[in-house]
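Starting from 1, each residue takes its place in the sequence as its number. Numbering of ligands and ligand atoms starts at 1, following listing order.
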Amino acid sequence: MASKVRLFIDTPLALEQIIELSETQSHYLSNVMKLKLNDKFLGFDGKSGEYELQITQLAKKHLEAKVIQKQKSFQTPPDVWLLFAPVKKDQTDFIIQKAVELGVCKLIPTITRYTISDKTKTERFVAQSIEAAEQCRRVDIPQVLPAKSLSEILSNWDKTRPLYYMDESRTGLPVKDAFSAAPAPIALLVGPEGGFSKEELKLLRQLDFATGVTLGPRILRAETAVVAALSCWQALSGDWVNYKEQNECDF
Ligand code: SAH
């Protein structure tokens, strides 16, 4: 069975309710996905789970749908934050998309000494994260914070949340040692393409809530490091550990 269209709907959903879709979503459902009157699609509001909706009214730019069935209850992924230095546009989109798929619950664009990108458009990051959540069947929407400098973030850090920084000098802990017993809440920090400055590494090494991690012998691009770090953490201490789908699956 082809998988159903799935949309984030920015209004609280409840059974029997009639929902008016935005102009953009109406256009997407009727003109792009070619859905017709009475067709069904999935919707989630980021707070109460996933529902099946049925189209009850279909005009050119105005679509209404009724919430007919609850499909999934609300759940959130483990409490893992990603601090990433924005890179070029496409690679930053990639970072956001993959981080959402890999179950990050908060994204914090972090400006470091060698962050060259000034393209820290929070709105764009939010749109990217919603699209990724729709695609990967999350029922929550990860939070995206406005960009902040690394020094500001570190000076306000809640020390009960361990911070693991990916250290390209490769003198930190091997992933298995770092992540085998590193339950959430945690945060992961990945540097920009230029890497961390000497001063930043010196500062990070002095912080008792921060641990340097080595992602193997090779130097990875920032976006690869994000995917590698999150995958390793999910597999060793996150929600990949012992995961097996309990619900009936449509594929
Ligand atoms: N230009 C730098 C590399 C930066 S790589 C250099 O040549 O040294 C971008 C970011 O990815 C780094 O800041 C680091 O956070 C992460 N990274 C890349 N390879 C890594 C590795 N082998 N171990 C740990 N972190 C790594």
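- When heavy-atom distances to ligand 1 are checked against 4.0 Å, the residues falling inside are M166, D167, E168, R170, V190, G191, P192, E193, G194, G195, F196, V213, T214, L215, G216, R218, I219, L220, A222, A225, ordered by chain and number.
- Residues meeting the ring-ring contact (aromatic ring centres under 6.0 Å, His included) test with F44, sequence neighbours left out: F8.
- Listed by first then second residue, pairs satisfying side chain to side chain donor-acceptor pair (under 3.5 Å) with a partner in residues 233-242 number zero, not counting sequence neighbours.
- Considering K66, Q71, Q69, K40 as possible partners of E52, the one that fulfils the side-chain hydrogen bond (donor to acceptor under 3.5 Å, both in side chains) test is Q69.
- For H62 and E64, the side-chain atoms include at least one donor-acceptor pair closer than 3.5 Å.
- Remark: K198 is not positioned above the aromatic ring of F196, lacking an NZ or CZ atom under 6.0 angstrom from the ring centre and at most 45 degrees off the axis.
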Side-chain atoms of residues 145-155: list all donor-acceptor pairs with protein atoms under 3.5 Å, sequence neighbours left out, distances to 0.1 Å.
{"from": "S149", "atom 1": "OG", "to": "S151", "atom 2": "OG", "distance (Å)": "3.4"}
{"from": "S149", "atom 1": "OG", "to": "E152", "atom 2": "N", "distance (Å)": "3.2"}
{"from": "S155", "atom 1": "OG", "to": "S151", "atom 2": "O", "distance (Å)": "2.9"}
{"from": "S155", "atom 1": "OG", "to": "E152", "atom 2": "O", "distance (Å)": "3.2"}

